[in-house]
Amino acid sequence: MHNLKEIRKNFDGFKKGLKKRFVDIDFDKLEDLDKNNRELIQKKELLEKEKKDISKSKDKSLFAKSKDISENIERINEKQKLIQKSLDDILSNIPNIPHNDVPEGKNETDNIEINKSGTIRKFDFTPSSHYKIGEKLGMLDFDLATKTTGSRFVFVKNKLALLERALSNFMLDTHIKKNGYEEISPPLLASEATMFGTGQLPKFENDQFEVKLEEGTDRKFLIPTAEVILTNIVKDKIIDIKSLPMRFVASTPCFRKEAGSYGKDTKGMIRQHQFYKVEMVSIVEQDKCSDELERMTNCATGILDLLELPYRKMILCSGDMGFSAEKTYDIEVWLPSENRYREISSCSSCSTFQAFRMKARYKDQTKGTLYAGTLNGSGLAVGRTLIAILENYQEKDGTITIPKVLRPYMNNLEKISLN
RNA sequence: GGAGAGAUGGCUGAGCGGUUGAAAGCACCGGUCUUGAAAACCGGCAAAGGGGCAACUCUUUCCUGGGUUCGAAUCCCAGUCUCUCCGCCA
C-alpha cells in the first residue's frame, strides 16, 4: 500500500508512475477525500484539545461544556472515519508503482528477454508431453484425482513422488547451505490480516481458498504461496537493523483457485489448484531491494543450472507484474513438448509496498524509522520442475534419466522406468 | 470441550480513575574516563497522524471494538490471542 503522506508530496509523480500500470483510479476523488479528511482531523483535534484542558483543570463548572464537546467530537469523528475508510479502500486497491527499469507494456507479450542459458537438447524422436510420459509410467494419475477431489489436482505416485520430494529437498538444501536462507516450516493457513499484508486481500479474494469456520470467528485462507506467510514474519514489527537482511526459505503446498483461467492449461500439471513450491523471501533495508532482487534471481537460476535445464530470464513489463511488485524477473524453463519456454520461477521486489501494509519497519540511525523492503521468489516451483525434468530428460523408450544432482536424494537411482 | 490467569514501549516489567506517553532494568545511540576495549558515570532513546519553510507544536495510541465518566492503561461488555489445570485426541 502507498503512503498517503508520500503521495501528497508528489501527486503528479504518483499518477505518472501508475499510468504504466494501466489501472483505473479516481485520483481526483482520492485528492478530495484526503483534503476533506485532513480538515475534519483538524477540527476534531481542536475540540479534543479543549476537552483535554477542561479535564485537566478539574473545574466542575466546565464539565457540562465538556460533555457538549464530546458529542460534537463524536459527530465529526463519525464523518472522519467514513472518509478514512473510503480513503483506505481506494489505497488498498492501488498496485505498486513500477520501478524505472520496468519496460512499459500491456501484457506478457511485452515482457523482455534478458538472456538465455543452457543448451536445448536435440531429440532424435518427437518428445512427449509430461502428462503422457507420467501416465504411461503409471506415476501421474489425473483421473484418480478427479474422482477423489475434482479437476486440476493430480496423484503423483511411486518414483515420481520420490522425485518430487527429492526436488524439494535438493532446492531447500541448496538455498540453506549455499545461499544463506533460513529454513522454515510454516503454517499453511493465513489470517485475513496476513493476506492483506502481502496484498492478496482485498482485491484478489476470488483467487483464494477460504476455509469454512464457525460464524463470527476470524477468517482463514489456504496460502496461495509461502510468500504470504514468510513475509508476514515481520508484520507489526520494528526490526533490529542488525538482523537485516533476513532470508527465509520454505517448501510448501500452495493453493490457488485459478479463477478466470478456464480452458487454460487444462491438460497436465502445469496449472493446478495445489502444487509444491520452494519459496524464498528476503527482508532488507529499503535501498537494498534492487541488489537483493539480482541475488535472489541468481539463487533461482542456480537451481536450473545445477539441474542442467535450459531456461531464459525475462523482465516483466508493467502490465504483467503482480499487484505488490515494483520489478519482477520471470525464469522460464524450456519444455520440449510445447517447443517453448514456460514460467518456473518469478522473483519480485515489492519495495516498501508490503511493508507499509504489514507495518514492518526498522530504525536507521540517520534516517529514523523506515519501512522495510520485501522480496519473494520461487526457487523453484516444484511441480513445474518435475514437468521440466520429465520432458527434458525423457528417453525414446519412455524412461527418465535422473539429473545427477538429484541422485543422492533418490537412493542413487539413475533412471525412472516402468519396473 | 470444562475451569482459571493474562495481553503495557525494541525486550523484560511496574502502574489498576486525574500532567502516566507511561517507573525500573536490559538493549541501543552520544559523551566523560581509558593507549584501546570493558566497567563506571552523565545524557539521549515509542509509534502513527495533523499543522508549520523551519525551530517546533497539537492529537491519538498501554491487544481489538464498543460502553461508563468532566476525565480510563486503570471500571463494564464483546471479540482476538497467549498461558496454566482437567478431559479428549494425533
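Because only heavy atoms are used, hydrogens play no part in the values below, and waters and symmetry mates are left out as well, while side chains stay in. Reminder, nothing fancy here: chain letters follow the sequence lines and each chain counts from 1.
Taking atom C1' in both B/C53 and B/A48, the straight-line distance is 23 Å, to the nearest Å. To the nearest whole angstrom, the two P atoms, one in B/U84 and one in B/G25, are 31 Å apart. Between the P atoms of B/G30 and B/A37, the separation comes to 12 Å (whole Å). Separation of the P atoms belonging to B/C58 and B/G52 is 16 Å when rounded to the nearest angstrom. When the C1' atom is compared between B/G18 and B/A55, the two are found 32 Å apart, to the nearest whole Å. Separating the C1' atom of B/G79 from that of B/G87 is a span of 26 Å, rounded to the nearest Å. On the C1' atoms, B/C81 is 24 Å away from B/A22, given to the nearest whole Å. For the C1' atoms, the distance from B/G13 to B/U20 is 16 Å, rounded to whole Å.
When the C1' atom of B/G49 is taken as reference, atom CG of A/N37 falls 10 Å away, rounded to whole Å. Atom-to-atom, OH of A/Y371 to P of B/A47 comes out at 11 Å; the value is rounded to the nearest Å. B/G50 atom P lies 13 Å from atom CG of A/L40, rounded to whole Å. Straight-line distance from the NZ atom of A/K56 to the C1' atom of B/C70: 14 Å, rounded to whole Å. Remark: C1' of B/G49 and CG of A/L33 are 17 Å apart, rounded to the nearest angstrom. Here the P atom of nucleotide B/G49 and the CG atom of A/L4 are 9 Å apart, to the nearest Å. B/C70 atom C1' lies 13 Å from atom CD of A/E50, rounded to whole Å. Atom CG of A/L62 is separated from atom C1' of B/G18 by 15 Å (rounded to the nearest Å).
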*Passes salt bridge (Lys or Arg N to Asp or Glu O under 4.0 Å), A/K313 versus A/E294? Steps please.*
CA-CA 11 Å; A/K313 177 178 168 186; A/E294 298 303 320; 3.7 Å; yes
*Decide yes or no on ring-ring contact (aromatic ring centres under 6.0 Å, His included) for A/H273 and A/F255, but give the supporting numbers first.*
CA-CA 5 Å; A/H273 286 313; A/F255 302 91; 9.9 Å; no
*Audit row: A/K29, A/L33, side chain to side chain contact (heavy atoms under 4.5 Å, CB included) steps and yes/no*: CA-CA 6 Å; A/K29 189 176 171 194; A/L33 283 171; 4.1 Å; yes
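The base-pairing partner of B/G17, taking Watson-Crick or G-U wobble contacts with both distances under 3.5 Å, does not exist among the strands shown. Nucleotide B/A90: unpaired (no Watson-Crick or G-U wobble partner with both distances less than 3.5 Å). Look at B/C53: it lacks any Watson-Crick or wobble partner with both distances under 3.5 angstrom. B/C85: Watson-Crick or G-U partner is B/G2, with both key distances under 3.5 Å. Pairing for B/A46 goes to B/U61, judged as Watson-Crick or G-U wobble with the two contacts each under 3.5 Å. Under the Watson-Crick or G-U wobble criterion, with both distances below 3.5 Å, B/U80 is paired with B/A7. Across all strands shown, B/A40 pairs with B/U32; the Watson-Crick or G-U wobble distances both stay below 3.5 Å.
In this structure, A/K65 reaches neither bases nor backbone, as no heavy-atom distance under 4.0 Å exists between it and the strands shown. A/K5 comes within contact range of the sugar-phosphate backbone alone, with a heavy-atom separation under 4.0 Å but no base atom that close.
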*What string of B, S and - do you get for nucleotides 58-68 of chain B, 5' to 3', if B is base contact, S is sugar-phosphate-only contact and - is no contact with any protein heavy atom under 4.0 Å?*
BBS-----S--
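Which of B/A48, B/C28, B/C70 sits closest to the side chain of A/K242 comes down to B/C28. Listed candidates were B/U69, B/G18, B/G50. Nearest to the side chain of A/S55 is B/G18. Each of B/G50, B/A47, B/C70 was ranked by its minimum atom distance to the side chain of A/R361; first place goes to B/A47.
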Detail all sub-3.5 Å separations between protein N/O atoms and N/O atoms belonging to nucleotides 7-11 of chain B.
none

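The pair A/K147-A/D143 fails the salt-bridge criterion, with no side-chain N (NZ, NE, NH1 or NH2) lying under 4.0 Å from an Asp/Glu carboxylate O.
Distances shown here put a side-chain N or O of A/R8 below 4.0 Å from the OP1 or OP2 atom of B/G50. Within the structure, a side-chain polar atom (N or O) of A/S70 is placed less than 4.0 Å from OP1 or OP2 of B/G71. Put simply, A/R38 has no side-chain N or O that comes within less than 4.0 Å of OP1 or OP2 on B/G49.
A donor-acceptor pair is defined here as one N or O able to donate and one able to accept, closer than 3.5 Å; no such pair exists between the side chain of A/H175 and the backbone of A/F170. Counting only distance, with no hydrogens or angles, the side chain of A/R152 and the backbone of A/R271 share a donor-acceptor pair below 3.5 Å.
Residues A/I54 and A/D240 both approach RNA chain B. Their nearest nucleotides, taken by heavy-atom distance, put A/D240 toward the 5′ side. Of the two residues near RNA chain B, A/K359 and A/K220, the one whose nearest nucleotide lies more 5' is A/K359.
Shown here is A/Y276, whose OH atom has no more than 12 heavy atoms of other residues, nucleotides or ligands within 6.0 Å.
The salt bridge (charged side-chain N to carboxylate O under 4.0 Å, His left out) contacts involving residues 403-419 of chain A comprise nothing, where partners must be two or more places apart or lie in separate chains.
Between A/S346 and A/D330, the side chains place a donor N or O and an acceptor N or O closer than 3.5 Å (distance only, hydrogens not considered). Side-chain atoms of A/K51 and A/S70 include a donor-acceptor pair closer than 3.5 Å. No hydrogens or angles considered: a donor-acceptor pair under 3.5 Å links the side chains of A/S348 and A/T328.
Summarising the geometry of A/A381 relative to A/K277, their closest heavy-atom pair is CA-CG, 4.0 Å, with the distance given to 0.1 Å.
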